[in-house]
Amino acid sequence: MRFRFCGDLDCPDWVLAEISTLARISSVKMKLLCVQVIKDLLDEGIDYDKVTKLTSDAKFEAGDIKASIAVLSFILSSAAKHDVDSASLSSELQQLGLPKEHTTGLCKSYEEKHSALQEKLRDSSLRLGRLEGVSWRVDYTLSSSELKEVNEPTIQLRLQAQGAESDTTETTVVSMTADKFRVLLTELKQAQAMMNALH
Amino acid sequence: MLLVLSDEHKEHLGFLTEVDTAVVGEFGRIAVEFLRKGSNPKIYEGAARKLDVPAETVQHGVEGLMYLLTESSKLMISEMDFQDSVLVLGFSQELNERLLQLYLENRKEIRQILSELSPSLPHYHNLEWRLDVQLASRALRHQVKPTVTMKLHLESGGIRNARVLQTDPATLLHLIQELERGLAELKSNHCRRILRNIK
């Protein structure tokens, strides 16, 4: 059976198994659990004490708590990834056996935070060598060991970027003459115009 | 198959005949502990003082026992073969029984420790990917060139590193085809026959 929230693939077996675990807590508690899981997905921190309190009524063991957080994370992030609307998600979850009240609670939380989730996923997409900082300095060379009167402006650029394969910040320092810098600026302005045209 | 013990080894183990069986039991326990966690020279000195023999003799005795246990576990020799191999040392019947007990009880654990010593290749940890389309470059405008960029995270002995790879869609499809062909090999008659025999 193909599900849209799984990216038009079969639903993983473990998700099917844990949906029945989710059905053991009341729908109100499940909505609160959803709120906690969404907070975790948005990197706002998850309050494990609250989660333990919510699941204590249904006598969830540590394994069950981990499983229910995992399955909710999967459903919510997967639905946001494939841009599934709230109504389709609701019908698909009911097909998988999640009771109606639980599904309604989950979908309401999903709809509220739908765009925030997608924003977060967009930010964490793969990007190589992110630029972290640029600093510059303009100097005026008066004279050098080769020529007595040089009188030339130069620019020094310091680029701080994240390494492509490592996670450390790499610093590159370049210095160039005014002419070279003018060429660089024109080319970059052309690229910027092209990017703006696409937006 | 019989275990062949070198003369030096027999000499080291000869020390065990001079002490009573309780001490041999203790040495056996120390040997297994050392196999699990690594040797601790202070214990040799403590035992040597109590038995009034040089620390080196104690060390040789314990190491001899360790070697006997690892060789027997490595080759997975049967009870009969173990008893025959140990007979050569000329120990009392009770001592032989003790050694056999030690071997049988700890065989499985020692084999597990030995299996962790084999060299391992880096294995898969995570794969991030993204699909880009190159529209223009400094040299050429109005292009349409799709590429898939991947960051393969590998883990090797607790150390993680990442590799950045890039490919065009045609190569990616070829890659997927080859890998699926590899997986399909498992279902061929040849592989099935071998897997059935290994149990």
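Both backbone and side-chain heavy atoms feed into the values below; hydrogens, waters and symmetry mates do not. Quick note on labels: first sequence line is chain A, next is B, and so on, each numbered from 1.
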### Query
Between Ser124(A) and Glu128(B), which heavy-atom pair has the shortest distance, and what is it?
O-OE1, 4.2 Å
### Query
Taking the side chain from Glu165(A) and the backbone from Val164(B), do they hold a donor-acceptor pair closer than 3.5 Å?
yes
### Task
Could you state whether Tyr67(B) and Ile30(B) fall into the same hydrophobic cluster, counting links through intermediate Ile, Leu, Val, Met, Phe, Trp or Tyr residues with side-chain heavy atoms under 4.5 angstrom apart?
no
### Task
Applying side chain to side chain contact (heavy atoms under 4.5 Å, CB included), run through Arg127(A) and Arg130(B) and close with a yes or a no.
CA-CA 9 Å; Arg127(A) 257 170 72 186; Arg130(B) 77 167 200 223; 3.6 Å; yes
### Query
Would Val35(A) end up clustered with Leu76(A) when hydrophobic side chains under 4.5 Å apart are linked, directly or stepwise?
no
### Message
With rounding to the nearest 0.5 angstrom, report the CG to CG distance, Leu126(A) to Leu127(B).
### Response
9.0 Å
### Single-linkage hydrophobic cluster, 4.5 Å side-chain cutoff, Leu106(A) and Leu42(A) together
yes
### Message
Please classify the contact between Thr149(B) and chain A as side chain, backbone, both or neither, with a heavy-atom cut-off of under 4.5 Å.
### Response
both
### Query
Going only through I, L, V, M, F, W and Y residues with side-chain contacts under 4.5 Å, is there a path from Leu87(B) to Tyr103(B)?
no
### Task
Measure the spacing between CG of Leu128(A) and CE of Met150(B) and express it to the nearest 0.5 Å.
11.5 Å
### Task
Count the heavy atoms of every other residue, nucleotide or ligand shown that sit under 6.0 Å from CD of Glu56(B), and state whether that count exceeds 12.
no
### Query
Is there a path of hydrophobic side-chain contacts, each under 4.5 Å between heavy atoms of I, L, V, M, F, W or Y residues, that connects Leu104(B) with Phe27(B)?
yes
### Query
Is any side-chain heavy atom of Arg141(B) closer than 4.5 Å to a side-chain heavy atom of Gln190(A)?
yes
